[in-house]
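Below is one structure, written out as structure tokens; the observations come after it.
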Amino acid sequence: MGTPHIGAAPGDFAPLVLMPGDPRRARRIAETFLADARLVTDVRGVLGYTGTHRGEPMSVLASGMGIPSVSIYATELFRHYGVRRIVRVGTAGAIPHTVSLRDVVIASAAHTDSSVSGLLVNGVSLSLTPSYRLLRAAADAAGETTADVAAERGGGVVHIGPVFTSDHFYLDRPAVFDALEGRGTLAVEMEAAGLYAVAGSEGGEALAVLTASDHVRTGEALTAEARETCFDRAVRIAAAALLG
Ligand code: ADE
């Protein structure tokens, strides 16, 4: 039963999946956003749950960190569990000063220093992009939630644009961030490009909805508690996009 990395039985996952990086966040999303959630896999401590959201079957599975890890889980979900849509909900480092901590960044493209963009089609550096349908649904949902969330919490903007998916968390190369910022890149994280590449190869749909948890220019960072509260907003947008 299951795949090399997922212990669930066939049919245990819904076609719609939320994908945070952190397994504890997967549990929290299941407790907060899913009704009647049940644990369907815990191989290697990577937790997956299935329940319903607004009456529709929906699952959550952690991805772990980095392109290799997210690629394994996304491939197995699309290929073996009939999953159609995966929306990553994660954190990212803001790059330009126009993106502040707590802001949401919806990744309309993912630049990367990983080999994944060049590996899949010989001689071609692939553009790694989300599903247009999910992107549009997330943009619509963000528009709807912006006013009430701003009133409730005193701000937090939703940005839509390219992100940088890096293989290096401790990347001490300001010139790289300068060049990417000059080309409109909003944030750095470690998984979106891998997820978009897998979705493209497997015929699935994917999107990343990120919360700015730190700033690569100023070094400021959210506390662990603030991360969790802000994160809920991105999950609301992601869940609405999955249903959209
Ligand atoms: N995820 C959250 N913050 C990040 C950063 N600064 N770099 C890479 N991934 C991140």
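Count residues from 1 along the sequence. Each ligand, and each atom within it, is numbered from 1 in the order the structure gives.
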May I ask you to check whether Thr112 and Thr165 show a side-chain donor-acceptor distance below 3.5 Å?
->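 There is no such pair between these side chains.
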Can you list the atoms of ligand 1 that are under 4.0 Å from a heavy atom of Met190?
-> 8 (C), 9 (N)
For Gly93, atoms of ligand 1 separated by under 4.0 Å from a heavy atom = 2 (C), 3 (N), 4 (C), 5 (C), 6 (N)
Answer with side chain, backbone, both or neither: which part of Thr91 has a heavy atom less than 4.0 angstrom from an atom of ligand 1?
-> both
Quick look: Ser213 vs ligand 1, heavy-atom contacts under 4.0 Å, and the answer is side chain
At a 4.0 Å cut-off, with the gap strictly under it, does some heavy atom of Ala92 reach an atom of ligand 1?
-> yes
Tell me, which protein residue and heavy-atom name are nearest [atom], and how many Å apart are they?
{"atom": "atom 8 (C) of ligand 1", "value": "Phe169 CD1, 3.6 Å"}
{"atom": "atom 7 (N) of ligand 1", "value": "Val188 CG1, 3.7 Å"}
{"atom": "atom 6 (N) of ligand 1", "value": "Asp214 OD2, 2.8 Å"}

Charged tip of Arg25 within 45° of Phe231 ring normal and under 6.0 Å = yes
Drop me the distance from Leu195's CG to Leu128's CG, to the nearest 0.5 angstrom.
-> 10.0 Å
Mind listing the closest non-hydrogen atom pair of Ala212 and Ser100 along with its distance?
-> CB-O, 3.5 Å
For His53, enumerate each residue passing the ring-ring contact (aromatic ring centres under 6.0 Å, His included) test, keeping only those at least two apart in sequence or located in another chain.
-> none
Among all residues two or more places apart in sequence or in another chain, which pass the side-chain hydrogen bond (donor to acceptor under 3.5 Å, both in side chains) test with Thr41?
->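 Partners of Thr41 under the side-chain hydrogen bond (donor to acceptor under 3.5 Å, both in side chains) test: none.
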